[in-house]
Amino acid sequence: MSVKTPTLTQLPAWKALEDHYQKTRNLHLRTLFAEDPERGKRLTLEAEGIYLDYSKNRLTDETIKLLLSLAESVGLRERIDAMFRGDKINVTEKRAVLHTALRATKDQKIIVDGQDVVPEVHEVLDRMADFSQRVRSGEWKGFTGKRIRNVVNIGIGGSDLGPAMAYEALKHYSDRNMTCRFVSNVDGTDFAEAVIDLDPEDTLFIVSSKTFTTIETLTNARSARDWLLRTLKDDKAVAKHFVAVSTNATEVEKFGIDTQNMFGFWDWVGGRYSYDSAIGLSLMIAIGPENFRQMLAGFHSMDEHFRTTPFERNLPVLLALIGVWYNNFFGAETVAILPYDQYLNRLSAYLQQLDMESNGKHVDLNGNVVNYQTGPIIWGQPGTNGQHAFYQLIHQGTKLIPCDFIGFCQTLNPLKPHHDLLMANFLAQTEALAFGKTSAEVAADGVPDFQIPHRTFEGNHPTNTILASRLTPEALGKIIALYEHKVFVQGTIWNINSFDQWGVELGKVLANRIIPELESAQEPKLSHDSSTNTLIQRYRQLRNAE
Ligand code: G6Q
């Protein structure tokens with residue numbers, strides 16, 4: 001790990017960007033487009049079937065040049081090589097970061113602690129494929145001999161959001177004779193509603209937990225076991241209705257799941273980077289092994305693009321640099337992810353974890369508190385729904401919100417005239433955000449004077465447009481890898497560890513002190529602050545009230 005001295009904000013490349021920002025901050029996209037009629041063609045990039053139009057950003061060729069030189073001066077090339085090589089770049093946990101190995105081809109060699117991990121990855125994938133086929137074909141039967149019709153993944157965070165997002169995204173490719181559900185919240189409502197109409201005899205639970213110690217997941221898994229045994233009344237049924245995905249065989253066994261029915265992964269796969277490992281088992285059962293492999297091929301092609309392409313033509317690098325430009329120079333605090341595809345309705349929730357858990361850090365790799373902004377707040381919803389809700393603030397509020405618009409040229413549900421309407425909105429929004437509507441234009445429409453300021457649109461709101469042909473498993477893999485690497489590039493620039501999550505670990509222990517205080521029959525002796533004490537007492541008094 002190279003220690004960066006001087007710190008980021010003292011680098012000449014950073015200072016040059018600061019100067020450049022002062023000179024260009026008021027440039028309007030209207031001017032930039034007027035001055036360069038080719039801008040919308042020029043500031044684009046196509047790779048691996050993904051087209052990125054970054055022309056509607058508040059930047060010039062000089063901005064890109066300076067951002068690229070920032071990437072060079074923080075040693076990005078060296079960090080990319082270190083990650084792909086399996087160096088232990090997750091320094092606080094002393095781990096390699098090798099989600100890219102999960103989609104490596106059989107002929108690759110990736111050595112961790114003296115061992116090539118690629119054969120193990122493929123062995124697990126083959127076992128997953130075999131199991132998925134047996135479930136899908138009906139060969140794997142429930143305890144009473146019925147074929148499995150329902151798959152319920154129990155997991156949380158990285159062991160939930162990925163498969164849940166991808167299942168929704170690839171529902172078109174799923175076996176519609178099966179249902180697939182995801183239970184994550186420790187709120188019993190989540191479990192209760194997920195199984196309300198299911199029959200235990202044809203339901204398979206996949207307990208997904210890297211550590212197999214996460215309280216939410218284990219509580220849900222125990223409730224699932226009770227629910228199953230209430231009907232099937234024989235402990236032996238568990239083996240037919242429960243499988244586990246974990247790195248912790250001891251805990252899996254303790255829970256009562258046969259380790260024969262356990263699918264492993266490795267400590268070099270972070271939770272939020274894990275859905276293309278065995279954590280994706282529910283997804284593989286839903287869409288089938290072949291589609292899952294297509295998705296991995298998509299991931300891999302974006303990995304190779306990222307690893308080998310010069311930075312100026314490198315999709316994740318460019319997206320990351322543009323993000324840094326707004327985050328660190330314009331002071332933008334959030335980024336909106338706006339997919340124009342209903343199947344991607346969980347994408348922003350997924351990217352929220354990927355980005356915010358990775359880059360929500362305030363100390364650098366050397367443990368020093370940073371004096372610059374790190375990861376942005378990620379949020380969003382599919383268009384066109386968001387247009388009828390929060391776009392108002394993006395168009396006319398006081399905040400700068402860079403947006404990623406993601407769309408597809410072909411629909412999977414060709415129901416005329418929907419797709420053209422959807423895409424007309426997709427295109428119209430980025431156009432309106434960039435160019436707005438001047439007061440003169442509003443007046444020319446005959447709008448009464450008192451309304452003119454209210455109906456004027458400043459414009460100059462930056463967007464990236466990401467366009468692909470069709471939402472296939474492969475395209476999904478490419479899009480997710482694009483964002484994974486974008487997050488990594490930004491983390492590299494900010495010199496932070498994008499691969500630990502001590503804030504999440506804290507959450508896992510915080511409640512432990514209060515649980516016995518809520519559960520005890522005796523009035524507990526409380527020693528929290530006065531607010532927490534009073535709330536605990538109030539909860540204890542009211543929870544059983546009529
Ligand atoms: C992801 C995080 C976190 C984790 C969950 C579930 O990067 O570490 O979201 O995935 O807390 O953890 P387990 O898989 O160990 O249950």
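Excluded from the calculations below are hydrogen atoms, water molecules and symmetry mates; all remaining heavy atoms, backbone and side chain alike, are included. Computed from a prediction, not measured in an experiment: that's the story for all the values here. Remember, it's 1-based here, ligands and their atoms both numbered in the order they're listed.
In this structure, the side chain of Arg134 does not engage the main chain of Glu139 through any donor-acceptor pair within 3.5 Å.
Taking every non-hydrogen atom of Ser159 and a distance limit under 4.0 Å, the qualifying atoms of ligand 1 come out as 10 (O), 13 (P), 14 (O). Distances below 4.0 Å separate heavy atoms of Gly158 from the following atoms of ligand 1: 3 (C), 4 (C), 9 (O), 10 (O). For ligand 1, the atoms sitting less than 4.0 Å from at least one non-hydrogen atom of Thr214 are 12 (O), 13 (P), 15 (O), 16 (O), numbered in the order shown with element in parentheses. Close contacts between ligand 1 and Gln501 involve ligand atoms 7 (O), 8 (O) [criterion: under 4.0 Å to a heavy atom].
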Could you list the donor-acceptor pairs under 3.5 angstrom formed between side-chain atoms of residues 480-491 and any protein atom two or more places apart in sequence or on another chain?
| unit_1 | atom_1 | unit_2 | atom_2 | d |
| --- | --- | --- | --- | --- |
| Tyr483 | OH | Asp404 | OD2 | 2.6 |
| Glu484 | OE1 | Arg103 | NH1 | 3.2 |
| Glu484 | OE1 | Arg103 | NH2 | 2.6 |
| His485 | NE2 | Asp303 | OD1 | 2.7 |
| Gln490 | NE2 | Ala320 | O | 2.9 |

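At least one heavy atom of Gln353 sits less than 4.0 Å from an atom of ligand 1. Within the structure, the closest approach of Glu505 to ligand 1 does not fall below 4.0 Å when heavy atoms are considered.
Taking distance alone, with nitrogen or oxygen atoms compared against 3.5 Å, Ser209 approaches ligand 1 more closely than that limit. No N or O atom of Gly157 sits closer than 3.5 Å to an N or O atom of ligand 1.
Closest heavy-atom contact between Asn314 and Thr309: ND2-O, 3.0 Å. The shortest heavy-atom contact between Lys240 and Leu204 is O-CD1, 3.9 Å.
Among all non-hydrogen protein atoms, the one lying nearest atom 7 (O) of ligand 1 is Arg272 NH1, 2.7 Å. At the shortest separation from atom 15 (O) of ligand 1 among protein heavy atoms lies Thr211 OG1, 2.6 Å. For atom 5 (C) of ligand 1, the nearest non-hydrogen atom of the protein is Ile156 O, 3.4 Å.
Looking at Arg272 and Glu357, a side-chain N of the basic residue comes within less than 4.0 Å of a carboxylate O on the acidic one, giving a salt bridge.
Leu70 has its side chain within reach of Leu8: a pair of non-hydrogen atoms, C-beta onward, lies under 4.5 Å apart.
Counted by atom type alone, Thr250 and Glu253 present zero donor-acceptor pairs between their side chains at under 3.5 Å.
Identified under the ring-ring contact (aromatic ring centres under 6.0 Å, His included) test for residues 152-176, with sequence neighbours left out: Tyr167-Phe182.
Heavy-atom proximity to atom 3 (C) of ligand 1, evaluated over Glu357, Glu251, Glu216, is greatest for Glu357.
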